[in-house]
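Predicted model only: the values in this text are computed from it and were never measured. In what follows, chains carry the letters A, B, and so on, assigned in the order in which the sequence lines appear, proteins first and then strands, with residues in each chain numbered from 1.
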Amino acid sequence: MNATEIAEAIEILAEQPFDAAEFPYAFLEAFGRKPTEIKRLRSGNTNKSDLGGVLQRNHIHIAVTAPGEVTHTLTALRDSPATAKAKAKFILATDGDMLEAQDLASGDILSCPYPEFAEKFGFFLPLAGITTIPQLRESSFDIRATRLFNKLYLELLQDNPDWDTAARRADMNHFMARLIFCFYAEDTSIFHPSYPFTGTVEKMSERDSSNTHEVIAELFRAMNTRKENHEAQGIKSWARPFPYVNGGLFGGSLDVPRFNKSARNYLIHIGGLNWTKINPDIFGSMIQAVADDEERGALGMHYTSVPNILKVLNPLFLDDLRAKLEEAGDNKVKLLNLRKRMAKIRVFDPACGSGNFLVIAYKEMRKIEAEINQRRDETDRASDIPLTNFRGIELRDFPAEIARLALIIAEFQSDVLYRGQKLALAEFLPLDAQNWIVQGNALRLDWLTVCEPTGKGGGKIFADDLYGAPLDQAKIDFENEGGETYICGNPPYIGATTKAPKGASKETKARLKREAEMRKADLEAVFRGRIDAWKSLDYVCGWLMKAADYGKVENSAAAFVSTNSICQGEQVFRFWPSIIKDQLRINFAVTSFSWKNLAAKNAGVTVCIVGISRQSGMAKLYSGKDDTVRDVPNINAYLVPYHDVYVENKSKPIQGLQAVVNGSKPADGGGLIFDADIAHQLRSEAGEEFQVIRPFFGAHDATHGEGRYCIWASKAQYEALKDLPGFQKRFDIVAEMRNESDKELTKAGADSPYAFQQVRQRGNETVFQIPRHSSEEREFFPVATLPKGAIVGDGGFAFFDPPLWNIAVLVSKVALSWIATVCGKIKTDYRFSNTLGWNTLPVPPLTEKNKADLSYCAEKILLAREAYFPATIAELYDAEKMDEQFPELRDAHAANDEVLERIYIGRRFKNDTERLEKLFELYTKMTGKKAA
DNA sequence: AATCCGACATCTA
DNA sequence: TAGATGTCGGATT
């Protein structure tokens, strides 16, 4: 369930008469607990309450009490041993009159009259697994408003099918934005309190809703007509008290869709909410989903939390402004200069969505300005920061509309906060008529026409020249001589390839493919002629490239939240050399952290933040893991504090190591791989004559020592076995999957369903398996030995008959830190690659003695593992167990690292930073490249 | 023919 | 329900 669904369920519950016996179950149901869970609780099987209430393990302890006993009961719940034992997150007591609850993790207490708890449902959201964004818990208003808007929107579209066309969606979106403005305006005295918007609509429209659209249209007409013209234009007398708003908001078509009865009810209900509680940033990200069929289910998926936004904005420019404020102290001239500077700062988000970044940037700058004005005793002074300096580009119409509205609301809120309601109101209307949020495709638009160059120079000519063809021109032209421009945002994260979900329909697949093609064309428009392999770049690279281009003309700096893969593996050397040049460099970065949004299920994505500018001096490197900062001389494209080095993939090891090969890829839909039972059956079916079943190891199989089996047959063997029922079943699975595939190679393989798509196995050698993916929690790469004749699947790499000293290198800390840095990753876990990591690993020249010493170390490691038989690789290399349970193995690895690192620098490395510095240094020497 | 990557996909402890 | 590992198509070399 998502937050709006919960809001709805809770509202329904609160409206019903209180039923003491049913309440706990109804409550749990409203938060999305499954009917089977609730059934088991009812039967008492899983109910652990020791107070006659309902206690669900890991969730909540609820007790319904006698009248007046609520507070007392809450204390009893808190002290109950059962509460602690079941690890309840919440306790809740109610008598149907009052309701009290506590979040045991934070200690926060909720206490309110029973009927009001529906408004406070945000408090309990962690129960539904929505725990990650604290702001959401305080945003009950935004969720409820969004839910009702959702209903209204769908109701209107259903009743006005002509508005549900591509051509009119923009009108519809514009209409919704006007409504939001009116609701906000009537609750904040922007409209005169005696003439409320909702009240007027309710009063003037028929109860059967028939003329609702006419009433609203008349009100909109009033807001689009200057006061002095109201009479001449024949505005109805009841609409005349409404002010002239315009600002583009009420320009254009003033058509209003028809309202049926329930639409009218929703409208009145929404108007009844308290709109002063709106959070422009959160509300925007939620409401934008309303107009998007795809996103409606995944509410808030585009929300970037305020702390995450500040991770971009603070290092980009806000920290500097604050430092300058600090520096200025009470010096009025310095303060004035800072204010003048701020008035010319433009913040530009070329992927602005509903304007989160712009709103937060605006609010933070107003905060600084307010401090300046206070120190200069000018607290009444109107803000010098023009709202129009907060520019954006957004592809979708509705969010673009909302972004402008969110900024308008943020401006009003800031005025109220720093200058008082009276001054805020006096200067608020009419709105500025200019539209400074551009609806368009950011990768196609010429950014210089959205943010005109501040000095002299032919921006447009430059841009045409650069991209080979004229770009779309937005033509926003404001004076801003001598200003600074800060580009920021959270562009869409789309990798070079995306996987369609397994069960996706043909239509879904086709749509995804179409979208992918459009994005490719966008990237081509940016990169054609500059980077050959543009098709393998993430979509965000387009934004970074355009920001870099913009920076060549304009005094600007840019920072984006980005998929972390642009700073890993193959994208690094493909992409970054085009960015880091001409004095442009990474002047700050936040390393990988996992993304959070408002959706109940967070997108499983790991991101980083990269800031680029021409600023020299020290760079700031923030850790995404622990929020620490380091001042470093340079940050390279791997987000490592070292010179700019690019490690390119190599097809063979460049340092005399033996080649590691990929495991064999089945591409079989699971047909060729099976467990021991099936293997047994197939063996007896085939008989002694046919030895076609072999042990098969993926990474999991090898690290957990379990192993599956696979069919490993020749064509002749296949012909002989294919009609046996057991075998036929396996081959059918393979043929079917391959026939359905879009990939030519796979399709072709449907004719030979006995064979793996890619075969790397050779004979019956000793084989070590290196997992393709391994958890970053491990201190050593869990390389495993496999039984003879085993097949290495494509979950890993195979090392056939390796010299033991190669194994010593492979399992060393040196190799691991190199792999961790220059290979790709999955989330933040290691992803081994032979071409990127192994073949490029810098190793100093080794004497025979060195090799013998290393071989001895490898042997000791293998012996130590055997000594702990039957512990699996997974257990042996569990960082938490190693010290206590497997000390010999730990010692053997320590000895191995000691010997190897002495070869590198004559002693152990102090830490990974030192390891990497040495490795990059050697790599630079080895490849004859100069460190920049 | 080999290899990398996934606003990933899917298991399992 | 999060941590660990799986899997295949599209693209590049």
request  = Convert the base pairs of DNA chain C into dot-bracket notation, remembering that pairs crossing earlier ones are written with [ ] and that bases paired across to another strand are shown as |; include only Watson-Crick or G-U pairs under 3.5 Å.
outcome  = ||||||.||||||
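- For Tyr754(A) and Trp712(A), the gap between ring centers reaches or exceeds 6.0 Å.
- Applying side chain to side chain donor-acceptor pair (under 3.5 Å) to Thr746(A) and the options Arg738(A), Glu740(A), Gln757(A) leaves one that passes, Gln757(A).
- Among dG10(C), dT5(C), dT3(B), the nucleotide with an atom closest to any side-chain atom of Arg760(A) is dT3(B).
- Counting non-hydrogen atoms under 4.0 angstrom, Thr703(A) reaches the backbone sugars and phosphates but no base.
- Nearest nucleotide to the Thr835(A) side chain, out of dT3(B), dC8(C), dT12(C): dT3(B).
- You'll find that the side chain of Lys743(A) is closest to dA11(C), out of dC5(B), dC8(C), dA11(C).
- Across Lys881(A), Met882(A), Gln885(A), His704(A), a single residue satisfies side-chain contact (heavy atoms from CB on, under 4.5 Å) together with Glu875(A), and that is Lys881(A).
- Residue side chain Lys747(A) does not reach the base of dG9(C) through any donor-acceptor N/O pair under 3.5 Å, judged by distance alone.
- Looking at His700(A), its side chain has no donor and acceptor atom pair within 3.5 Å of the base of dG6(C).
- For the salt bridge (Lys or Arg N to Asp or Glu O under 4.0 Å) with Glu776(A), the qualifying choice from Lys825(A), Lys827(A), Lys625(A) is Lys625(A), the only one to do so.
- In this structure, OH of Tyr877(A) is placed 18 Å from C1' of dT5(C), rounded to the nearest angstrom.
- Asn649(A) has no side-chain polar atom (N or O) that falls below the 4.0 Å cut-off from OP1 or OP2 of dT13(C).
- Pro802(A) is linked by a side-chain contact (heavy atoms from CB on, under 4.5 Å) to Phe768(A), Phe799(A), Ile807(A), counting only residues two or more places apart in sequence or in another chain.
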